[in-house]
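The chain is numbered in sequence order, starting from 1. Remember, predicted model here, so these are calculated numbers, not experimental data. Just so you know, these numbers use all the heavy atoms, side chains as well, and skip hydrogens, waters and symmetry mates. All ligand and atom numbering here is 1-based and tracks the order in the structure.
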Amino acid sequence: MAWENARHADAEDPLADRRRAFALPEGVVYLDGNSLGALQPAVADAVRRTIDQEWGQGLIRSWNDADWVGLPARIAGRLAPLLGAHADEIAVADSTSTNLFKALAAARRLRPHRGVLLTDDANFPTDRYVAEGLADLLDDLEVRVVPATQVIEHLDTHVAVLTLTHVDYRTGARHDAAGITRAAHDVGALVVWDLSHSAGAVPVDLGAWDADLAVGCTYKYLNGGPGSPAYLYAARRLHDRLRSPIAGWFSHERPFAFADEHRPAPGAARFLNGTPPVLSMIALDAALGIFADVDLAELTDKAQALVARFHAGATTRLARWVQVVGPGPGAPRGAQVSLRHPQAGAVMSALIDRGVIGDHRPPDLLRFGFSPLYVSHADVEQALDVLEDVLTTGAWDRPEHRAPRAVV
Ligand SMILES: Cc1ncc(COP(=O)(O)O)c(C=O)c1O
């Protein structure tokens, strides 16, 4: 019955043909696009062409002839509709961690007399580390960490900046970004959102949220490739007042004037800093091409439908062995579901052995991501079948599945 229903849903799926753009290995159900998105052969072709022709033959001429120098702006143009932003509000550079540091420092400069950088206890570790690092540099700033469900209650006129990850990387719970942004503005604070688990998976509309600043990864649901460059969003209304703490030459309005004095580039480009990593940027640029004619409402609706199928299946079939974590049916969440099991690492290892790839987050979470461009409803049923078998038979309970790994 569930399989029949899944086949029907796949037949009706307006995005079903997008899966063909990806090179998924035969026999693999890939439910880890929330960590590393899958490869599109068109991306590999673009990188190969850049290496062979633009670098190999064009050499340094390609900065102009192949417009390498325009890559950050071109990619910003591709990301803008996915974020509900204008292209000049996006800088593509660095890692999410570095961009977060730049965004937090720039936001704090706008509220110099306020001493609190507020965040929640569900935030991703890098976000907390970066916030602490900034507070360490500034004598008059402290990081205050509050429960994720009580952020609004802790907003007051001492808060300079609030920083949150929109979708909780562990539970999948999704903050009300517009409501929280409004509450922060009501007390005069700025907000820096981390959209790493959001863009390409759930609705994001930075303009409608009246967002100030945001950052995010491109190697998850945006499929940019391992370690692909991240982005930083800065609202137009703040551009003239924002200053990046890393004023490298690529953030200059005319880098090749080699001027003595730094003059910030217009718009979010002031948050660039050094030479763009061309090969990674070429991969990201090509990877984003697929979104050009995707209906974003269809994309995010499909992600929620896949999540709902997995959530329902896990709740009804697997309750003897695992606890389904996070928001219940219909509540706002990201495109992922986590299940609690005391031996999550071993269970995930056994699943991966059988071709169902997710990941685990210590100490006890199995995490599954449902990237709507290439995951099908049949994939979800297949994953549930394999998971049920692994749990029923105890196939995970072997020494090889308990071996520690560097990356989990
Ligand atoms: C919410 C969130 N922010 C930031 C990062 C890390 O970003 P980066 O490695 O680009 O600094 C991750 C990585 O998974 C993440 O989940």
Options Thr96, Leu164, Val215, ranked by nearest heavy atom to atom 10 (O) of ligand 1, top entry: Thr96

Are any of the N/O atoms on [X], whether in the backbone or the side chain, positioned under 3.5 angstrom from an N/O atom of ligand 1?
X      : result
Tyr169 : no
Thr165 : no
Asp194 : yes

Among all the protein's non-hydrogen atoms, which is closest to [atom], and how far away is it?
atom                    : result
atom 11 (O) of ligand 1 : Ser97 OG, 2.5 Å
atom 5 (C) of ligand 1  : Phe124 CE2, 3.6 Å
atom 14 (O) of ligand 1 : Lys220 NZ, 2.7 Å
atom 16 (O) of ligand 1 : His197 NE2, 2.7 Å

Does [X], at its [atom1] atom, have more than 12 non-hydrogen atoms belonging to other residues, nucleotides or ligands within less than 6.0 Å?
X      : atom1 : answer
Asp293 : CG    : yes
Leu137 : CG    : yes
Trp63  : CH2   : yes

Region of Tyr219 engaging ligand 1 - heavy atom pairs below 4.0 Å: side chain

Under-4.0 Å heavy-atom contact with ligand 1, by part of Thr98 that carries it: neither

pair Arg109-Arg243: side-chain heavy atoms closer than 4.5 Å: yes

Any Arg333 side-chain heavy atom under 4.5 Å of Val337 side chain: yes

Within-shell test, Cys217 vs ligand 1, heavy atom, strictly < 4.0 Å: yes

From Leu351, Asp32, Leu36, residue fulfilling side-chain contact (heavy atoms from CB on, under 4.5 Å) relative to Ile357: Asp32

Gln336 side-chain N/O to Tyr169 backbone N/O, donor-acceptor pair under 3.5 Å: yes

Check against side-chain contact (heavy atoms from CB on, under 4.5 Å), Val146 and Val151: CA-CA 6 Å; Val146 299; Val151 170; 4.3 Å; yes

